[in-house]
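I have a structure I would like to understand better, so I am pasting it below and will then ask my questions one at a time.
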Amino acid sequence: MTKQELSRLLHRLNIPVNEGVTSPENFNRLPRVVYWAYLWEDRTSSGTDYDTVTTYQISFYADRPAHSKLLELREYLREAGLHPIISHEYSIEDKIWHSYFALEVTENE
């Protein structure tokens with residue numbers, strides 16, 4: 001999967017999506033997705049050419065567990081042949097469910 005494919009997949013949900021941090025206008029909107037790169041790995045592709053494989057965390061925030069948009073996202077991932085382990089936590093202070101997972105994305109250089 002490329003970064004562009006990942007972005008298109010997330011935007012298919014028709015909910016707020018931000019890369020890096022939640023924008024101020026989306027901060028109180030639920031559900032929402034935020035994704036960011038946290039790991040870069042160079043991989044040799046043919047001799048001296050390199051591909052960068054970037055691992056992204058995808059965070060899904062909602063007001064309830066197993067939100068219908070999270071289930072929709074999981075279905076889109078399945079259609080793309082991706083089956084990440086999705087973790088869940090609840091913030092008592094914020095009263096928000098946070099579901100998150102990692103995906104590797106290829107970024108050609």
Side-chain angles (χ1 to χ4, degrees):
M1 170 172 280
T2 66
K3 182 179 176 186
Q4 293 77 19
E5 291 169 331
L6 171 61
S7 178
R8 279 195 299 273
L9 186 145
L10 296 174
H11 282 90
R12 281 180 67 188
L13 295 168
N14 293 315
I15 62 174
V17 175
N18 291 117
E19 183 177 358
V21 296
T22 301
S23 65
E25 59 270 11
N26 290 336
F27 191 77
N28 291 316
R29 295 179 65 191
L30 295 174
R32 71 177 182 273
V33 170
V34 180
Y35 68 107
W36 62 89
Y38 70 89
L39 183 68
W40 295 340
E41 179 183 356
D42 284 339
R43 292 196 183 154
T44 305
S45 60
S46 60
T48 59
D49 292 333
Y50 290 93
D51 278 342
T52 298
V53 176
T54 303
T55 303
Y56 281 85
Q57 175 168 316
I58 291 81
S59 287
F60 182 95
Y61 299 93
D63 59 352
R64 59 187 172 275
H67 192 284
S68 61
K69 288 292 185 174
L70 177 61
L71 300 177
E72 187 177 332
L73 174 56
R74 192 168 109 186
E75 189 57 37
Y76 292 157
L77 292 165
R78 287 174 174 170
E79 288 171 6
L82 303 169
H83 305 278
I85 296 170
I86 302 174
S87 299
H88 311 277
E89 61 186 4
Y90 180 71
S91 170
I92 294 170
E93 181 179 307
D94 299 325
K95 297 183 172 100
I96 293 176
W97 286 90
H98 176 217
S99 301
Y100 57 97
F101 56 93
L103 284 180
E104 286 189 349
V105 171
T106 302
E107 299 186 37
N108 294 330
E109 294 187 353

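Each residue takes its place number in the sequence, starting with 1.
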message: The criterion is side chain to side chain donor-acceptor pair (under 3.5 Å); which residues satisfy it with Gln57, sequence neighbours excluded?
response: Ser59
message: Would you compute the distance between atom OG1 of Thr52 and atom CG of Leu39 and round it to the nearest 0.5 angstrom?
response: 11.0 Å
field: Pairwise distance CG(Leu6) to CD1(Ile58) - rounded to 0.5 angstrom
entry: 5.0 Å
- prompt: Any salt bridge (charged side-chain N to carboxylate O under 4.0 Å, His left out) pairs touching residues 4-20, not counting sequence neighbours?
  reply: Lys3-Glu19, Arg12-Glu79
Shortest non-hydrogen contact between Pro31 and Ile15, atoms and distance: O-CB, 3.7 Å
query: Out of curiosity, Leu82 CG to Phe101 CZ, how far, rounded to the nearest 0.5 Å?
result: 9.0 Å
task: To the nearest 0.5 Å, tell me how far Ser99 OG sits from Ile86 CD1.
output: 7.0 Å
Under the ring pair (Phe, Tyr, Trp, His ring centres under 6.0 Å) test, residues paired with Tyr90 that sit two or more places apart: Trp97
- prompt: Got a sec, which pairs hit salt bridge (charged side-chain N to carboxylate O under 4.0 Å, His left out) with one end in residues 87-99, sequence neighbours left out?
  reply: none
query: side-chain contact (heavy atoms from CB on, under 4.5 Å) with Asp63: which residues, sequence neighbours excluded?
result: Leu30, His67
query: Taking atom CG of Leu71 as the centre, does the number of heavy atoms from other residues, nucleotides or ligands within less than 6.0 Å exceed 12?
result: yes
Sequence-distant partners of Ala102, side-chain contact (heavy atoms from CB on, under 4.5 Å), two or more places apart: Tyr38, Thr55
query: What residues form a side-chain contact (heavy atoms from CB on, under 4.5 Å) with Pro16, not counting sequence neighbours?
result: Asn26, Arg29, Arg32
- request: Just jot down the ring pair (Phe, Tyr, Trp, His ring centres under 6.0 Å) partners of Tyr35, sequence neighbours excluded, or say none.
  value: Tyr56
task: State plainly whether one hydrophobic cluster holds both Val105 and Phe60, where clusters connect Ile, Leu, Val, Met, Phe, Trp and Tyr through side-chain heavy atoms under 4.5 angstrom apart.
output: yes
statement: Rounded to the nearest 0.5 angstrom, the CG-CG distance for Leu9 and Leu73 is 6.0 Å
field: From Lys69 atom NZ to Tyr76 atom OH, the distance as rounded to the nearest 0.5 Å
entry: 6.5 Å
- prompt: Can you name the ring pair (Phe, Tyr, Trp, His ring centres under 6.0 Å) partners of His98, sequence neighbours left out?
  reply: Tyr61, Tyr100
message: One pair to check against side-chain contact (heavy atoms from CB on, under 4.5 Å): Leu70 and His88. What are the steps and the verdict?
response: CA-CA 11 Å; Leu70 177 61; His88 311 277; 4.0 Å; yes
